Peer 1: 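Take this structure, written in structure tokens, and hold onto it; I'll ask about it next.
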Amino acid sequence: MSRSVPTRVNEIPTPALVVDRAALDRNIARMAAFFAAGPCRLRPHFKAHKTPEIARRQLAAGSCSGLTCATVGEAEIAAGLCDDILLANEIVAPEKCSRVAALAKRVRMTTAVDSLAGLEALSRAARENGARIGVLVDLNVGQGRCGVEPGEAALTLARKATESEGIVLHGVMGYEGHLQPVRDRSERESRTREAMQGLVRTAKQLRDAGLPCEIVSAGGTGTYDISGRIDGITEIQAGSYALMDTDYSDVGVPFEPAFWVLGTVVSRPARDRCVADCGHKSMTKDHSLPAVRGIEGATVTSLNDEHATIALPPGSTITIGDRVELLPSHVDPTINLHDAFYVVDGQAVVDVWPIAARGYLEHRTRTRMEEPA
Ligand SMILES: Cc1ncc(COP(=O)(O)O)c(C=O)c1O
């Protein structure tokens, strides 16, 4: 039995991911306008939404230097949308390096690198595939995740990159991920300025040593307007701004919630409680429980696999079969749970956008690529 595409929100089978097209476009336009002033450019992070139609809208809005990706699978999808891709992540496995090399023959492909082993793996893949892979030396600017230390260690790896066959050094990157959620604006600003000094100083050291460094990449939704105005930073890798989540709303960045998880009330067991069919298999709770959109005083008290339990305000008339809209606390892991966005304009469903790179963990990529078209 075939199911027709819903034309109204109340026909959407739940749980489902919904995007408000007008709000999304306002967020995209607002970010593009900030970067239109230049000289720093925006390189929207594809990992946030994994959705070609959203990336197309980001690129069409202008001020972009290309797209950022986190995985090779994402880059394989993104390369169909844009000819300048930054894989802002360490790629070391031979099979993945070969896929990066294959991409590098189609588009300008740059990846982060923070080790000699990583550099050698990329160089080998480039040689074997007759490709040239761009690299940015990844610096630890305080997050304590990947990255070499700014200064001498970075310079040594950068020099090694210029000596590696098939590798082209484009510059440096340093993601200040630990500062994105800092609530207090002046603290976020001062700590970001301090963290970025190491990045900008290292870029200068590279140039002083005669090494190429045309890209200095950093930033996210929490720091785009701080790092994006620091002299010497050439591009910002923000992703969440387009859709937004409650965590970033709490940070106070000037973007509006543009997506939510739609659920249906399946139980109303008490005057002060209802239960909807959207649990943590349809949205993450890693930053916090989701918020309830549009019902004053209602709060989610727990998320189980398939259930959201919602505390209701006195006098609530919500009943079995009604719809609820939950605003997730974290964009990326929520999107990754869904195959498509229902695109809405008020109560009308105006489109359905595939989340093409969703679940694109590397073992699935091969299976999907081998599937007949
Ligand atoms: C390397 C890197 N750059 C940029 C970002 C910024 O993303 P967002 O704007 O969604 O916080 C992230 C997010 O995790 C990241 O890992």
Side-chain angles (χ1 to χ4, degrees), residues 24 27-28 30-32 34-35 40-51 54-55 58 63-75 78 85-91 110-114 118 135-148 170-183 188 191-192 195-196 199 215-228 230 233-259 284 286-287 328-336 355 357:
L24 170 76
N27 286 342
I28 290 174
R30 185 168 200 140
M31 189 61 110
F34 177 85
F35 284 98
C40 187
R41 310 256 280 158
L42 175 66
R43 189 184 281 274
H45 213 318
F46 187 63
K47 85 179 169 84
H49 52 71
K50 293 172 171 270
T51 304
I54 297 181
Q58 290 172 311
S63 315
C64 294
S65 56
L67 290 174
T68 309
C69 294
T71 68
V72 181
E74 287 171 5
I85 308 291
L86 168 63
L87 238 170
N89 210 349
E90 277 63 20
I91 307 299
T110 306
T111 95
V113 68
D114 75 350
V135 296
L136 299 184
V137 173
D138 189 6
L139 307 188
N140 175 18
V141 292
Q143 188 185 20
R145 193 170 67 181
C146 298
V148 294
H170 290 314
V172 289
M173 73 162 249
Y175 174 53
E176 68 284 31
H178 58 307
L179 302 176
Q180 304 303 322
V182 173
R183 284 354 190 208
R188 193 160 78 250
R191 290 179 63 191
T192 298
M196 289 298 112
L199 181 68
I215 297 180
V216 181
S217 193
T221 297
T223 59
Y224 75 96
D225 59 344
I226 305 167
S227 296
I230 291 177
I233 292 181
T234 66
E235 58 176 41
I236 295 295
Q237 307 169 1
S240 299
Y241 74 94
L243 291 163
M244 283 294 284
D245 52 39
T246 58
D247 201 47
Y248 267 133
S249 293
D250 286 351
V251 170
V253 291
F255 303 99
E256 55 189 296
F259 90 111
T284 188
D286 70 329
H287 284 169
S329 60
H330 193 179
V331 172
D332 313 42
T334 299
I335 303 309
N336 199 42
I355 303 171

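From a predicted model like this one, the values you see are computed outputs, not experimental measurements. As the structure lists them, so they are numbered: ligands from 1, and atoms in each ligand from 1. Residue numbers run from 1 in the order of the sequence given.
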Peer 1: Taking all atoms of both residues into account, what is the closest heavy-atom pair of H45 and A70, and its distance?
Peer 2: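 That would be CE1-N, 3.6 Å.
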Peer 1: Quick check for you: to the nearest 0.5 Å, what is the distance between M31 atom CE and Q58 atom CD?
Peer 2: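 Interatomic distance, M31 CE to Q58 CD, rounded to 0.5 Å: 9.0 Å.
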Peer 1: Among protein heavy atoms, which sits nearest to atom 7 (O) of ligand 1, and what does the distance come to when rounded to 0.1 Å?
Peer 2: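 Looking only at protein heavy atoms, the one closest to atom 7 (O) of ligand 1 is G239 N, 3.9 Å.
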Peer 1: Give a yes or no on whether the backbone of G222 and the side-chain of Q180 come within a donor-acceptor separation of less than 3.5 Å.
Peer 2: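 Yes, because the side chain of Q180 sits within donor-acceptor range (under 3.5 Å) of the backbone of G222.
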Peer 1: Taking only heavy atoms of G220, which atoms of ligand 1 are found under 4.0 Å from at least one of them?
Peer 2: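 By the 4.0 Å cutoff, the relevant atoms are 6 (C), 9 (O).
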Peer 1: Counting non-hydrogen protein atoms only, what is the nearest one to atom 14 (O) of ligand 1? Give residue, atom name and distance.
Peer 2: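 Heavy-atom neighbour on the protein nearest atom 14 (O) of ligand 1: K47 NZ, 2.8 Å.
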Peer 1: Grab the two heavy atoms, one from G228 and one from F35, that are nearest each other, plus how far apart they are.
Peer 2: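 Scanning both residues, the minimum pair turns out to be CA-CE2, 4.4 Å.
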Peer 1: Return yes if some donor-acceptor pair links the side-chain N/O of S240 with the main-chain N/O of T221 below 3.5 Å, else return no.
Peer 2: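 Here the side-chain-to-backbone pair does not exist.
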Peer 1: Which ligand 1 atoms are under 4.0 Å away from a heavy-atom of G219?
Peer 2: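 Here the atoms of ligand 1 in question are 4 (C).
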Peer 1: Heavy-atom contact under 4.0 Å between G222 and ligand 1?
Peer 2: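 Contact check G222 vs ligand 1: negative.
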Peer 1: Tell me: protein heavy atom nearest atom 11 (O) of ligand 1, and distance?
Peer 2: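 Protein heavy atom at minimum distance: Y248 OH, 2.6 Å.
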Peer 1: For atom 15 (C) of ligand 1, grab the closest protein heavy atom and report residue, atom and distance to one decimal in Å.
Peer 2: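 Looking at atom 15 (C) of ligand 1, the protein heavy atom closest to it is Y175 CE2, 3.3 Å.
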Peer 1: Can you tell me if Q180 contacts ligand 1 (heavy atom of the residue under 4.0 Å from the ligand)?
Peer 2: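 Q180 does not count as a contact of ligand 1 under the 4.0 Å cut-off.
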Peer 1: Can you tell me how the ring of H330 sits relative to the ring of H287, calling it parallel under 30°, perpendicular over 60° and tilted otherwise?
Peer 2: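 Correct class here is parallel.
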Peer 1: Report the part of Y241 (side chain from C-beta onward, or backbone N, CA, C, O) that has a heavy atom under 4.0 Å from ligand 1; answer both or neither where that applies.
Peer 2: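 None of Y241 does.
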Peer 1: Nearest protein heavy atom to atom 10 (O) of ligand 1, by residue and atom, and its distance?
Peer 2: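 Among all protein heavy atoms, the one nearest atom 10 (O) of ligand 1 is S240 OG, 2.5 Å.
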Peer 1: Among Y248, Y241, F255, which residue satisfies the ring-ring contact (aromatic ring centres under 6.0 Å, His included) criterion with Y224?
Peer 2: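 Only one of Y248, Y241, F255 forms a ring-ring contact (aromatic ring centres under 6.0 Å, His included) with Y224, namely F255.
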Peer 1: What residue and heavy atom of the protein are closest to atom 3 (N) of ligand 1, and at what distance?
Peer 2: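 Result for atom 3 (N) of ligand 1: Q237 OE1, 2.6 Å.
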Peer 1: Which residue and atom name correspond to the protein heavy atom nearest atom 16 (O) of ligand 1, and how close is it?
Peer 2: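 Atom 16 (O) of ligand 1 sits closest to the protein heavy atom R145 NH2, 3.1 Å.
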Peer 1: Suppose I only count heavy atoms of T221 and a 4.0 Å limit; which atoms of ligand 1 are within that range?
Peer 2: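 In order of numbering, the contacting atoms are 8 (P), 9 (O), 11 (O).
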Peer 1: I need the contact type for Q143 against ligand 1. Using non-hydrogen atoms and a strict under-4.0 Å cut-off, is it side chain, backbone, both or neither?
Peer 2: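 It is neither part, as no heavy atom is under 4.0 Å.
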Peer 1: Check whether any side-chain heavy atom of F259 lies under 4.5 Å from a side-chain heavy atom of T334, and answer yes or no.
Peer 2: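 F259 reaches T334 side chain to side chain.
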Peer 1: Without swapping roles, check the side chain of E256 against the backbone of N27 for a donor-acceptor pair under 3.5 Å.
Peer 2: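 Such a contact is absent between E256 side chain and N27 backbone.
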